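Have a look at the structure below before the remarks.
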Amino acid sequence: MEVTPETNAALVDKAVRLHRLTENELVRLLADEALTEELAAAADQVRHEYVGDGVHLRGLIEFSNICRQNCMYCGLRRDNPHTERYRLTVDEIVALARKAVGYGYHTVVLQSGEDMYFTAERMAEIIRRIKGLDLAVTLSLGERPREDYAAWREAGADRYLLRIETTDRALYEKLDPGMSWANRDRCLRDLKELGYEVGTGTLVGLPGQTLAMLARDILYYQRMDADMLGIGPLIPNQETPLGEAKPGDFDLTRRMVSLLRLLLPEANIPATTAMETMVPHGREIILASGANVVMPNVTEGDYRHKYALYPGKICVADTPAQCRSCMGGRIQAMGRYVAEDKGFRHHYGAVK
Ligand code: 5AD
Ligand code: SF4
Ligand code: FES
């Protein structure tokens with residue numbers, strides 16, 4: 001008897017029910033441009049059922065743009081002489097966190113390049129002081145030895161963001177020269193074992209990246225049980241070796257976000273700044289396609305534009321207060337609301 005092949009629409013239904021797809025099935029849906037809206041609607045429904053209508057705002061503090069690494073796509077790479085480097089003091093960082101409380105944030109994300117000035121001990125002091133403000137603390141500081149991660153967890157850090165960028169080892173090691181994929185994977189395992197909520201994710205549109213690689217990224221996130229997933233398109237930066245690369249595709253990135261919501265229904269998924277840099281109101285589009293988190297910038301003044309991973313970054317001329325009220329209004333206009341809790345990951349067990 002002949003088996004009728006499942007249509008792509010039927011695959012979406014299956015993903016809604018079972019939260020499982022094979023690599024080949026994922027590739028089919030990633031490739032299906034005509035299915036973008038349907039996939040987004042299905043992901044929006046699963047988002048509503050599993051994590052609700054609250055949108056969690058995380059206040060992002062970009063405290064140093066000094067980086068020892070040399071990623072081919074990133075404006076902060078050490079060989080970019082055009083980036084004017086800065087580093088905030090411990091007191092300045094804590095003061096920004098205090099202001100974030102004033103704007104009504106319940107989480108701050110401390111983000112920097114891989115700046116070794118911030119030793120394990122110096123970072124631990126910052127974390128302890130900020131934890132005294134009753135905030136959840138997310139770190140995004142790159143690759144470090146397990147002991148550093150352990151010390152920061154001990155100091156009270158709750159979460160850690162480290163995108164794997166791509167699970168294809170060869171591609172990763174070509175685009176992140178001098179870095180090892182195995183070490184990045186080791187970092188993510190250490191962070192999980194130490195009890196962090198772990199965020200990772202993909203940079204969509206890396207030259208040489210295939211749909212099969214994106215599908216395998218999704219399966220990797222499912223296997224590691226990622227708590228958070230940050231996905232954004234590549235935005236070519238003229239000050240880097242990938243200046244002439246093709247930008248990542250917005251709708252492909254959007255399908256990736258939707259598929260992640262279907263396969264990791266409990267995860268916290270941000271609508272990333274890069275999405276809105278590509279398309280006006282891109283963050284609302286992504287919030288309606290499976291995402292439930294936004295990370296407005298609380299860094300002040302000139303530092304906002306000096307933290308330039310890619311060109312055209314939104315909000316560099318706005319103040320933290322403007323971004324907070326802007327996002328609040330936009331979330332309400334969507335019929336959603338700003339969540340008032342710290343926004344830890346929901347756990348329903350294997351399937352709700
Ligand atoms: N375009 C889009 N995203 C970028 N990142 C770095 N450079 C770029 C770029 N040119 C992303 C990487 C990194 C995160 C902090 O920013 O995925 O993990
Ligand atoms: Fe440094 Fe991160 Fe940029 Fe790589 S992506 S150069 S590690 S800031
Ligand atoms: Fe920054 Fe809208 S979020 S101005």
Side-chain angles (χ1 to χ4, degrees), residues 55 57-60 62-80 83 85 103 109 111-116 139-144 160-166 172 175-179 183-184 187-188 199-207 209 217 229-248 250 253 270-278 280-284 287 294-299 304 306-331 333 338:
V55 176
L57 297 183
R58 324 288 200 194
L60 177 66
E62 299 164 332
F63 66 87
S64 164
N65 68 354
I66 296 169
C67 189
R68 65 174 168 172
Q69 303 292 8
N70 219 13
C71 305
M72 301 290 262
Y73 39 80
C74 177
L76 305 192
R77 67 200 305 270
R78 66 170 185 266
D79 285 352
N80 181 7
T83 294
R85 308 288 169 165
Y103 301 128
V109 181
Q111 188 167 73
S112 68
E114 291 196 10
D115 181 356
M116 295 305 116
L139 304 176
S140 179
L141 318 174
E143 297 182 19
R144 293 285 189 130
Y160 204 100
L161 307 178
L162 183 73
R163 289 188 181 172
I164 196 78
E165 317 290 359
T166 173
Y172 179 83
L175 294 177
D176 299 85
M179 296 172 82
N183 191 53
R184 208 163 182 82
C187 289
L188 291 170
T200 183
T202 299
L203 189 45
V204 177
L206 292 169
Q209 191 179 46
D217 290 356
L229 292 155
I231 309 295
L234 173 74
I235 301 173
N237 184 333
Q238 295 298 324
E239 297 176 356
T240 70
L242 293 192
E244 300 307 317
K246 218 168 94 220
F250 182 88
T253 312
T272 57
T273 305
M275 294 305 266
E276 187 145 333
T277 298
M278 287 205 100
H281 294 277
R283 283 175 300 178
E284 279 122 309
L287 281 176
V294 180
M295 295 162 56
N297 199 338
V298 299
T299 321
R304 288 167 86 88
K306 288 186 184 155
Y307 201 88
L309 309 172
Y310 48 77
K313 193 177 154 203
I314 54 164
C315 300
V316 292
D318 300 295
T319 65
Q322 283 167 336
C323 287
R324 174 60 185 83
S325 76
C326 168
M327 265 340 290
R330 286 161 69 166
I331 288 162
V338 175

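Numbering starts at 1 and runs along the sequence shown. In listed order, ligands and their atoms are each counted from 1. Since we're looking at a predicted model, the values are computed, not measured.
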Residue part near ligand 2, for Cys71, under 4.0 Å between non-hydrogen atoms:
both
Only protein N/O/S atoms count here: give how many lie under 2.8 Å from atom 1 (Fe) of ligand 3.
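Number of qualifying protein atoms: 2.
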Of all the heavy-atom pairs spanning [X] and [Y], show the shortest one and how long it is.
| X | Y | value |
| --- | --- | --- |
| Thr240 | Gly75 | CG2-N, 3.9 Å |
| Leu162 | Arg184 | CD1-NH2, 3.5 Å |
| Gly243 | Pro236 | O-CB, 3.5 Å |
| Asp217 | Glu165 | OD2-O, 4.3 Å |
| Asn80 | Arg85 | O-NH2, 3.1 Å |
| Gln111 | Ser140 | NE2-OG, 3.0 Å |

Passing option when Cys323 is tested against Leu60, Asp318, Val294 for side-chain contact (heavy atoms from CB on, under 4.5 Å)
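With Cys323 as partner, side-chain contact (heavy atoms from CB on, under 4.5 Å) holds for just one option, Asp318.
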Within a strict 4.5 Å, meaning less than it, do heavy atoms of the [X] and [Y] side chains meet?
| X | Y | value |
| --- | --- | --- |
| Pro233 | Thr253 | yes |
| Glu62 | Lys306 | no |
| Thr200 | Leu229 | yes |
| Thr273 | Ile314 | yes |
| Pro247 | Ile235 | no |

Could you tell me which atoms of ligand 2, counted from 1 in the order shown, lie closer than 4.0 angstrom to a heavy atom of Arg77?
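This gives 6 (S) as the contact atoms.
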Any donor-acceptor pair under 3.5 Å linking the side chain of Arg163 with the backbone of Gly230?
yes
For Arg330, the ligand 3 atoms whose distance to one of its heavy atoms is below 4.0 Å
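Answer, ordered by atom number: 2 (Fe).
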Which residue owns the protein heavy atom closest to atom 3 (Fe) of ligand 2, what's the atom, and how far is it?
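In this structure, atom 3 (Fe) of ligand 2 has Cys74 SG, 2.3 Å as its nearest protein heavy atom.
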For atom 2 (Fe) of ligand 2, what's the nearest protein heavy atom and its distance?
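Answer for atom 2 (Fe) of ligand 2: Cys67 SG, 4.6 Å.
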Using heavy atoms and a 4.0 Å limit, tell me yes or no: is Arg283 in contact with ligand 3?
yes
Could you pull out every protein residue that has a heavy atom closer than 4.0 Å to ligand 1, ordered by chain and then number?
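Within the 4.0 Å shell of ligand 1, which is judged on heavy atoms, sit Tyr73, Cys74, Arg163, Glu165, Leu203, Pro233, Leu234, Ile235, Leu309, Tyr310.
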May I ask whether atom 5 (S) of ligand 2 is less than 4.0 Å from at least one protein heavy atom?
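There is a protein heavy atom less than 4.0 Å from atom 5 (S) of ligand 2.
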